[in-house]
Number of protein chains: 2
Amino acid sequence: MRMDQIKSPVRCGNCSVRRLCLPAGLSDQDVDKLEAVTKKKQIVKAGERLYGAGDSFSNLFAIRSGSFKTAVIAADGDTQVTHFALPGEILGLDAYSGRTHPSYAEALETSSVCVLPFARLEELAQAVPALQQQIYAIFSEELQQENEILMLLGKRSADTRLAAMLINISSRYARRGYSSTRFVLSMPRTDIANYLGLTAETVSRLFSRFQKEGLIRVAQRDVEITDLIGLSELAGTHCSFDESELGRNSVS
Amino acid sequence: MRMDQIKSPVRCGNCSVRRLCLPAGLSDQDVDKLEAVTKKKQIVKAGERLYGAGDSFSNLFAIRSGSFKTAVIAADGDTQVTHFALPGEILGLDAYSGRTHPSYAEALETSSVCVLPFARLEELAQAVPALQQQIYAIFSEELQQENEILMLLGKRSADTRLAAMLINISSRYARRGYSSTRFVLSMPRTDIANYLGLTAETVSRLFSRFQKEGLIRVAQRDVEITDLIGLSELAGTHCSFDESELGRNSVS
DNA sequence: CGCGGTGTTGACATACCTCAATCTCCGTGG
DNA sequence: CCACGGAGATTGAGGTATGTCAACACCGCG
């Protein structure tokens, strides 16, 4: 029932997301040290957990490929999906202070991660200021992202929430070199709904409505954004894209 | 229009919240170094901003006394209150990665903060592992807290949200040596509502209802929790208090 | 003593949830 | 290869928690 652990040495150099991950901003020399600290690669199959809520904290995980959801569990067993994580992102940072994971991370598809023993990483960061700064930056970005989601959940209507999430996913894929307009959502409707504070039915209805309005084309988990500007406007984020570069495919 | 800046040297030793603040876990010697890095004290009056959204980032702020709200501003001008900060907490961490503050911090009452130039703090942390760890811990705790709020906004009913917020404030006051059952809320109803993703009217109605149900007594911003256990149960957090130590004052 | 900002209360509107039926997709076994 | 079954997704009808709008009350301050 446990996950595969591959001892093959990790090489950041041939990793497609090294510019988004911990090595960002590090010299080749420092990257070597980082690789030396990285224990191994690990494969996690869809539905398996990288760590569970309450597990003791010893490693951070860097996503090489695939995707994860993270979620917290309330006293009454209710869970809240807090993030959908893509390659290059670091999982487990919220466990530092308590020495135990307050959330769990579950693979949405077969995924591969680098295992980073935090004690050794901490030690290395103490000697390598650029790494230290990168760790701060990752913490800080996570805080910023969470604030954006608070805004979504606190103030936005259901359609705005879903639009914002699609734009968010789209731009994150774009940064990773994938299409910003065609992608496959690796998570089921229930997870999207949970993440957005809605029900699966509402999410489904919205997908249908967006399609009718010509904003997207959707078939199950395949999504094509046909009007990126229109969707961005709905999401209320006219900023994350340079509009001049985007063709608007008007429909109605 | 700018805020007072008092050059009197900062002394963590006589600060009531040093155990919750950056000095936590540091040796006396390291605390001395931390004080040397701390620029000055600053007084912020009610309604004034410690920093605004978009301001360039150079300092962190440690709250000595008083309280703040932090909020993010969307493209359409809509704002979302993201946190109510109490003495001992650090403000500004989310600005690290972007070099600019993504949120603003506004004093809810006349407050006093220590100004921490981040460049120097970073430098010191590079030399003092205990400080490094404390910074990680603070980042990590903030992430955890945000996840809790996501749960509130995503899954909880209005009454549960308000109850959870009151319990949260109560326990944070308790940790600072104040009463956990009687306190003055330094923020107006509109801020509470904004924070909880509700309207001021709903919050007001809930305060009235809680009072009718014997959970609290409330007069404007003065709050007395008369049934801490009942309120905790409503909040769904039977964990943050040791129930045996709490008298339940049944009413109806 | 009056004024303005803050808080309270009421009546009504509505966005989203709930419950339930149906459909689609896809893996499994015959 | 096809039939079956089950999970996920869609669609519909109706209910409800919370928002909206508006009047009023309270408190602090000039």
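Any value given below was found using the heavy atoms of this structure, including those in side chains, with hydrogens, waters and symmetry copies removed. We name chains A, B, ... by the order of the sequence lines, and we start the count at 1 in each one.
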Contact nearer the 5' end of DNA chain C, comparing A:Q220 with A:R156: A:R156

Test item: side-chain donor near acceptor, B:H83 and B:E89, under 3.5 Å: yes

Protein-nucleotide distance (B:L206, atom CG; C:dG10, atom P), rounded to Å: 14 Å

Parallel, tilted or perpendicular: ring planes of A:F57 versus A:H101, cut at 30 and 60 degrees: perpendicular

Phosphate contact (D:dA9 OP1 or OP2) by A:R221 side-chain N/O below 4.0 Å: yes

Rounded distance in Å - CZ (B:R189) to C1' (D:dC27): 13 Å

Any donor-acceptor N or O pair under 3.5 Å, side chains A:T70, A:T82: yes

Whether A:Y178 and A:Y173 hold their rings parallel, tilted or perpendicular, with breakpoints at 30° and 60°: perpendicular

Rounded distance in Å - NZ (A:K155) to C1' (D:dT18): 14 Å

Pair A:D76 + B:R156, salt bridge at N-O below 4.0 Å: yes

Residues B:R205 and B:E201 bridged, charged N to O under 4.0 Å: no

Nearest-angstrom distance from the residue atom CG of B:D222 to P of D:dC26: 16 Å

Within 45° cone of B:F183 ring axis and under 6.0 Å: B:R172 NZ or CZ: no

Within residues 194-205 of chain B, residues whose heavy atoms come under 4.0 Å of DNA chain D: B:G197, B:L198, B:T199, B:E201, B:T202, B:R205

salt_bridge(B:E109, B:R221) N-O dist < 4.0 Å: no

Rounded distance (Å) that lies between atom P of D:dT11 and atom CZ of A:F207: 12 Å

Whole-Å distance separating the CG atom of A:D159 from the C1' atom of C:dC16: 11 Å

Protein-nucleotides 12-15 of chain C N/O pairs closer than 3.5 Å?
none

Sugar-phosphate, base or nothing in reach of B:R209, heavy atoms under 4.0 Å: nothing

Lys/Arg-Asp/Glu bridge criterion (N-O < 4.0 Å) met for A:K155, B:D78: no

